[in-house]
2 protein chains.
Amino acid sequence: MQSVAATREANAGNGLTERQGVVLEEALRLLVDGGEKALTTAGVARAANCSKESLYKWFGDRDGLLSAMIGFQASKVRTQDVAASALDAESLSRHLVVFAKDLLEVLSGDVSLALNRLAIGQASREGSKLGHMLQERGRRQIGRRAAALLEAGRKAGLLAFDDADEAYGALYGLVVSDWHLKMLLGEEAGEMKKGFGRKAEQAVSAFLTLYGKKV
Amino acid sequence: MQSVAATREANAGNGLTERQGVVLEEALRLLVDGGEKALTTAGVARAANCSKESLYKWFGDRDGLLSAMIGFQASKVRTQDVAASALDAESLSRHLVVFAKDLLEVLSGDVSLALNRLAIGQASREGSKLGHMLQERGRRQIGRRAAALLEAGRKAGLLAFDDADEAYGALYGLVVSDWHLKMLLGEEAGEMKKGFGRKAEQAVSAFLTLYGKKV
DNA sequence: CCAATTCAGTACCGTACGGTACGGTTCGCA
DNA sequence: TGCGAACCGTACCGTACGGTACTGAATTGG
């Protein structure tokens, strides 16, 4: 995720130069370390060894910088699709557990938490532009991966549901419960991560109880 | 919830004078309307017709004001306990649906969303004091109500679970899914509220499939 | 009727931030 | 070698905020 290759790809996808990518990386680090309050234009310029003038030239204003940060980070996250072939009950369960663990890992990541906090903090005013962006470019991605997995399960006769969104909502809720909110509120994520594996398996087991086709 | 009686009770519980309660009420209104950025000391003083000096005398500093706002709001929410007697399968289900609807109503409330956004925004620095406070005085309350309900269901032989926290986590996840996050990110809550009833019933139905004792 | 307390209203101070302007430097290119 | 674009570093400006100090009015208790 943090590799130079991923960064370069993200730049290309957003029409950013490499230098600008480095600056955004540094801005994200500042945001993760100190929250929105630490994300000042002067601070970013100092940390990235660039001038404030360049920041305004590249990103317009502070909000433009925030948007660029979200877009930049989102374009670094690539979700590989699962081969829809050869699904049996056991492999479906395994895929679901992997998905659940990935979901928990993503949601508990430093940068994800920081960006969500940022967007939530700005949600009151300004029509929640950042919130929509985060929703669209972040959650939609992982939602599509889940939808594909669920659809494959149904096609293979292993899952039974009418509304895919409803089924996904149940899966998401069983996996995440209120952990995301707790982490957003500042609960130490370090100690929670140990329980992710067990939590993911329990959630998938419950999900299959609800939506798995009886055998 | 917004009645004068509730306000007075909240004041008494926190050692606040009536005047201070009015000020906090006004501060909450500012926060709901304009987010944290709109919650300036001068703004609160102007809106509440008090002096900044009084604000600092009563609450110490800005953080003290924020803490007082959370404590004030939390002490206005009273969760009535359910009579543990006369539980049959149908009444348990009904109670669970009511709980689920209440939960969704609370989480989608203006003040709740604003305070959660506030605490989340401050979670990066400062050891997330507000986050813990919100967690302790807000979620714990409703968590206890749910725990009591689940325990009553188990005592009556209607529910089967080993770990009450795990069962509550499943119930919470099924009910809330990712709606809370979406609302925190700024999704219009107005249109969602119509679906609360159906959502609550579906969630309870799923929960009973998982944890209801077979008959 | 007076003294003490409380508080509203305002003015004030230091600071920090967003945004702009400018001088100096590097680098690519003709 | 000369030229222009890009850019760093810094200085600067206006504003807004947190927090403090002061003044005058209202209230209270004796």
Side-chain angles (χ1 to χ4, degrees), chain A residues 11 14-70 72 114 117-119 121-122 124-126 129-130, chain B residues 11 14-70 72 114 117-119 121-122 124-126 129-130:
Chain A
N11 299 349
N14 288 351
L16 298 175
T17 70
E18 201 155 338
R19 177 93 181 96
Q20 289 164 19
V22 173
V23 170
L24 290 178
E25 206 84 59
E26 211 62 38
L28 283 172
R29 201 181 59 76
L30 281 181
L31 179 68
V32 168
D33 287 352
E36 171 170 11
K37 238 202 51 165
L39 195 72
T40 68
T41 54
V44 172
R46 199 179 324 114
N49 288 326
C50 74
S51 70
K52 287 173 67 175
E53 197 173 18
S54 300
L55 287 182
Y56 285 99
K57 181 173 192 172
W58 293 333
F59 307 111
D61 58 1
R62 188 171 183 272
D63 278 0
L65 176 64
L66 302 185
S67 298
M69 289 167 64
I70 290 184
F72 176 70
R117 291 198 184 109
L118 176 66
Q122 302 245 333
S124 314
R125 52 162 192 157
E126 172 142 19
K129 179 171 153 255
L130 296 184
Chain B
N11 300 349
N14 288 350
L16 299 174
T17 71
E18 202 155 338
R19 178 93 181 98
Q20 290 164 18
V22 173
V23 170
L24 291 178
E25 206 84 60
E26 211 62 41
L28 284 172
R29 203 180 57 76
L30 281 180
L31 179 67
V32 168
D33 287 352
E36 170 168 10
K37 239 204 49 168
L39 195 71
T40 67
T41 54
V44 172
R46 199 180 323 115
N49 287 327
C50 75
S51 70
K52 288 172 65 177
E53 196 173 19
S54 300
L55 288 182
Y56 286 98
K57 180 174 192 171
W58 293 332
F59 307 111
D61 57 2
R62 189 172 183 271
D63 278 0
L65 175 64
L66 302 185
S67 298
M69 289 168 64
I70 290 185
F72 176 71
R117 291 198 185 108
L118 176 67
Q122 301 243 337
S124 313
R125 52 162 193 158
E126 172 140 19
K129 178 169 154 256
L130 295 184

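Each chain gets a letter, A, B and so on, in the order the sequences are listed, and its residues count up from 1. Keep in mind that what you see is a predicted model, and the values were worked out from it rather than measured.
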Below 4.0 Å: OP1/OP2 of D/dC7 and any side-chain N or O of A/S51: no
Would you kindly give the OH-to-P distance between A/Y56 and D/dG9, to the nearest whole Å? 17 Å
So do the side chains of B/V44 and B/K52 get within less than 4.5 Å of each other, counting heavy atoms only? no
Examine C/dC27: is either OP1 or OP2 under 4.0 Å from a nitrogen or oxygen in the side chain of A/R19? Give yes or no. no
Whole-Å distance, B/K37 NZ to C/dG18 C1', equals 11 Å
May I have the distance from B/R46 (atom CZ) to D/dA16 (atom C1'), rounded to whole angstrom? 12 Å
Between the base of C/dC7 and the side chain of B/E53, is there any donor-acceptor pair under 3.5 Å? no
4.5 Å side-chain heavy-atom contact, A/T41 and A/Y56: yes
I'd like to know if B/E36 pairs up with B/R62 as an ion pair, taking the criterion as any Lys NZ or Arg NE/NH1/NH2 lying under 4.0 Å from an Asp or Glu carboxylate oxygen. yes
In the structure I gave you, are the side-chain heavy atoms of A/W58 and A/T17 within less than 4.5 Å of one another anywhere? no
How long is the line joining CG of A/D63 and P of C/dG18, in whole Å? 10 Å
Rounded to the nearest Å, what distance is computed from the CG atom of residue A/D61 to the P atom of nucleotide C/dG19? 5 Å
Of A/N49 and A/K57, the one whose closest DNA chain D nucleotide lies more 5': A/K57
Rounded to the nearest angstrom, tell me the gap between atom NZ in B/K52 and atom P in C/dC13. 14 Å
Between CD of B/Q122 and P of D/dG18 the distance, given in whole Å, is 11 Å
Rounded distance (Å) that lies between atom P of D/dA16 and atom CZ of B/R62: 16 Å
So, OP1 or OP2 of D/dC7: does either fall under 4.0 Å of a side-chain N or O from A/S54? no
I want to check one thing: is the phosphate of D/dA6, taken as OP1 and OP2, less than 4.0 Å away from some side-chain N or O of A/W58? no
Would you check if A/C50 and A/E26 make a side-chain contact, meaning some heavy-atom pair closer than 4.5 Å? no
